[in-house]
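Before any comments, here is the structure.
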Amino acid sequence: MIRRPSLITYVTAGDPDISTTLDILKVLAKYSDLIELGIPFSDPMADGRTIEKSHHRALKSGTKVEDVLRVVREFKREHENPIVLMSYYNPIYVKGVGRFVRIARSSGVDGMLIVDLPVEEANEYLDACYRNDMKTVFLASPNTTNERLRMIDEASSGFVYLVSLYGTTGVRDKLSNLVFDLIKRAKSICKKPLSVGFGVSKAEHVRKILKAGADGVVVGSAIVRVIEEEGRESCDRIDEICRELRKGLIFH
Amino acid sequence: MHGGAHKINNTIGQALLAKFMGKDRLIAETGAGQHGVATAIAGALMGLRVDVYMGAEDVKRQKMNVFRMKILGANVIPVESGTKTLKDAINEALRDWVSSFENTHYLIGSVVGPHPYPTIVRDFQSVIGIETRKQILEVEGCLPDVIIACVGGGSNAMGIFHPFINDEVRLIGVEGGGKGIETGKHSASLCAGKKGILHGMLSYFLQDEDGQIVDTHSIAPGLDYPGVGPEHAWLKEIGRVEYVAVTDEQALRAFLELSRTEGILPALESAHALAYAIDLAKELDRDCTIVVNLSGRGDKDLDIVMKEVNI
């Protein structure tokens, strides 16, 4: 689903509103090898303050799950960048897992990442994704055992998402040292592409992570922070940030 | 009931576990502050640092308990996100824990959250049921006909139900009916919620058609949670326990009635169980035995009651 070196960008759908999301996606498309689009959720536990607030802004603007799929359909009319939906499990679960995956796939969604669904509990979901040719992405963190890394690799048909640190999403000044051990360990175990996220916010981070052997990097909060500050007028600064991040891919 | 409620049964147990695991810090979520106070007590007793996450709204509403926690040496962290209540405090505690688990134990206060928390909390709280069984056999010479307990997250109810699950005893859980189920302003997840997944558990939640967790209301702060422990969900589905709801108004009436007939101020949470017992007793034979789990004292609720009744 991704090839080395890949820049993956994240925004929450509907932040600040669903029509601006489409404009932002078009900017991200210029620089991103893959885009993660978040389904807003009332209780985004794995997210730090920046993305958490973005979920609440999106809900406040009235964003529904069907709006998220609609924006994907509209985006896909003109763009080919793969889209991975990032979601908490409840919105998917209440719609019916099989039904949701089928509709999402037919809307143009290429893959899904359910933040709070451990691979051990994912049989129904995996089955639905397999039947609908939906790629899957699971998370592994620095304290994930080798045995679980193997399971996660096997369950992830898209790529494996390595969480760079112990904590939530959010802009950090420095990369955690844990990430380098994790990349090394994952490279020796996983067969799928590896992308690294959480706390990745600068071109320098991107370069170091790719140099350590990862195939892709995910940047979310650094982009979402712009939306927090600029609202509907975010596109120019997001363009700048992405162009800068892209530089990290050149000399890795 | 040191600390004012049953919560201490669980916090002492989990604080011992934390010490055994070599952790030197406890974190907890609290709604009304009862579990926060109980965690602060356990931390003070065992020399563990305590940080309590509490919704900013609750910090305002429950000043006394915030002060109590501080006196006990705990640090209270107001949570400004989401609805600024209990569920957001849980989210924030989970966020803390993913980065601090190496030296920190997350001391969850009810039979909720990811496995094995619901069973850990149930087992520590089952001291209530074990003691009830012993005492009722001494006093009545037989098991009770009915046991009634209030259900928010459901820890006091699980605690008293668990040792009676395999007996022929009618078990009833009473949820916060708020201003009435039909108004939407309540916290009755089992009576009016749908199946969902939150905080690492599959259970019943108050949510909209998109799976967004909705605001709850109950006059009893301890019942004001949009979910419920997964074992309650199971007991409901197999039909072993009946779950009902009682409104704020009924609970208030029961609060006053117990205060005036027996000189006991019950917690508003427990007053829900009591209200249902008073109604049910009218339908049952005179020789039936009903046990009501009076899981907390009402001192903490005087501010709320003062606003609601003219005395």
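Quick note on labels: first sequence line is chain A, next is B, and so on, each numbered from 1.
- With a 4.5 angstrom heavy-atom cutoff, P40(A) touches chain B only via backbone atoms.
- Between chain A and the options L202(B), I90(B), T83(B), L94(B), the largest number of non-hydrogen pairs under 4.5 Å is found for L202(B).
- Counted within 6.0 Å of CD on E147(A), heavy atoms from surrounding residues, nucleotides or ligands total 12 or fewer; the atom is thus considered open.
- Contact of the L198(B) side chain with the Y89(A) side chain is not registered, since no non-hydrogen atoms from C-beta on lie closer than 4.5 Å.
- Crowding of R99(A) atom CZ: a count of heavy atoms from other residues, nucleotides or ligands under 6.0 Å not exceeding 12.
- Within 6.0 Å of the NZ atom in K60(A), the count of heavy atoms belonging to other residues, nucleotides or ligands does not exceed 12.
- Contact of L59(A) with chain B is made through the side chain alone, with heavy-atom distances under 4.5 Å.
- Distance check: E121(A) CD to H115(B) NE2 gives 10.0 Å after rounding to the nearest 0.5 Å.
- When each of N90(A), T168(A), D116(A), I39(A) is checked for heavy-atom pairs under 4.5 Å with chain B, N90(A) comes out on top.
- For the pair K64(A) and E209(B), the salt-bridge criterion is met [side-chain N within less than 4.0 Å of a carboxylate O].
- Counting heavy-atom pairs under 4.5 Å between each of P91(A), S42(A), P44(A) and chain B puts S42(A) at the top.
- Atom NZ of K208(A) has 12 or fewer heavy atoms from other residues, nucleotides or ligands within 6.0 Å.
- Heavy-atom distances place no part of F205(B) under 4.5 Å from chain A, backbone and side chain included.
- By the neighbour-count criterion of 12 heavy atoms within 6.0 Å, atom NZ of K185(B) is sparsely surrounded, having that number or fewer from other residues, nucleotides or ligands.
- Pairing each heavy atom of Y166(A) with each of S99(B), the nearest pair is O-CB, 3.0 Å.
- Only the side chain of Q207(B) comes within contact range of chain A, with at least one heavy atom under 4.5 Å from a heavy atom of that chain.
- We find the CD-CD distance between E92(B) and E52(A) to be 6.0 Å, quoted to the nearest 0.5 Å.
- Looking only at heavy-atom pairs under 4.5 Å with chain A, the residue among D210(B), I213(B), N91(B), V98(B) that has the most is D210(B).
- Taking all atoms of both residues into account, the shortest heavy-atom contact from Q212(B) to F41(A) is OE1-CA, 3.2 Å.
- The 12-atom threshold is exceeded at CZ of F101(B), counting heavy atoms of other residues, nucleotides or ligands nearer than 6.0 Å.
- Note: H56(A) leads H55(A), H56(A), K53(A) in heavy-atom pairs under 4.5 Å with chain B.
- Nearest heavy-atom pair across D47(A) and R95(B) is O-NE, 2.7 Å.
- E237(B) CD: more than 12 foreign heavy atoms inside a 6.0 Å radius.
- Open room surrounds CD on E154(A); 12 or fewer heavy atoms of other groups in view lie less than 6.0 Å from it.
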